[in-house]
Amino acid sequence: MFHLHSKLKYFLYPAPVDMRKSFYTLSGIIKSEMKRDVQNGEVFIFVNRRLTTMKILHLEHGGLVIYHKKLDGGVFKLPSFDESLTSHAIGWHDLMMIVKNVKPRKHVLKRRQKEASFQIF
């Protein structure tokens, strides 16, 4: 069941994260770099460098839960924030805008890819 709602506190991690990271590694980032505790019931949002994948880590009744969203096209549009901070507090409405307000990205092929895509074998 989806247990995220407007009464929770949301924190966006300002640096790109390797999306191969899972529960323990993301919890380590929360504790060591964000200086927060995952056990407090807060919600933590991580995005990759290309802004195409998002992971949301949250503690629920049964344990830690990761919500994972990967875009087929476009990129997430993040709100502006100070990148020198260890975390950026956002609201429920801001999270919904990030998830719903996906910007289309122009896919530009490199020269080598253009040549390879038009070859007939």
Any idea which heavy atoms bring [X] and [Y] closest together, and the distance?
{"X": "Glu42", "Y": "Asp37", "value": "OE1-O, 4.1 Å"}
{"X": "Ile66", "Y": "Ser22", "value": "CD1-C, 4.1 Å"}
{"X": "Ser87", "Y": "Pro14", "value": "CA-CD, 3.9 Å"}

Cluster overlap [X] with [Y], hydrophobic side-chain contacts below 4.5 Å:
{"X": "Phe11", "Y": "Leu78", "result": "no"}
{"X": "Val38", "Y": "Ile29", "result": "yes"}
{"X": "Trp92", "Y": "Val65", "result": "yes"}
{"X": "Tyr13", "Y": "Leu59", "result": "yes"}
{"X": "Leu51", "Y": "Met96", "result": "yes"}

TODO: Indicate yes or no for a side-chain donor-acceptor contact from Asp94 to the backbone of Ile98 under 3.5 Å, with no hydrogens or angles considered.
DONE: no
[atom1] of [X] to [atom2] of [Y]: how many Å apart, nearest 0.5 Å?
{"X": "Leu4", "Y": "Ile56", "atom1": "CG", "atom2": "CD1", "result": "6.0 Å"}
{"X": "Leu95", "Y": "Met54", "atom1": "CG", "atom2": "CE", "result": "6.0 Å"}
{"X": "Leu64", "Y": "Phe44", "atom1": "CG", "atom2": "CZ", "result": "10.0 Å"}
{"X": "Ile45", "Y": "Ile90", "atom1": "CD1", "atom2": "CD1", "result": "3.5 Å"}
{"X": "Met19", "Y": "Leu26", "atom1": "CE", "atom2": "CG", "result": "7.0 Å"}
{"X": "Lys55", "Y": "Lys21", "atom1": "NZ", "atom2": "NZ", "result": "9.5 Å"}

Task: Close side-chain approach of Phe76 and Leu71, heavy atoms under 4.5 Å - done: yes
Open item on the list: Quick one, Tyr67 and Val43 - any side-chain contact, counting heavy atoms below 4.5 Å?
Closed with: no
Open item on the list: Surrounding NE2 of His68 (heavy atoms of other residues, nucleotides or ligands, distance under 6.0 Å), is the total greater than 12?
Closed with: yes
TODO: Apply ring pair (Phe, Tyr, Trp, His ring centres under 6.0 Å) to His58 and list each qualifying residue two or more places apart in sequence or on a separate chain.
DONE: none
- [ ] Report the C-alpha distance between Leu57 and Phe23 in whole Å, list the side-chain angles of each, state the deciding distance to 0.1 Å, and finish with yes or no for side-chain contact (heavy atoms from CB on, under 4.5 Å).
- [x] CA-CA 8 Å; Leu57 183 66; Phe23 298 98; 4.0 Å; yes
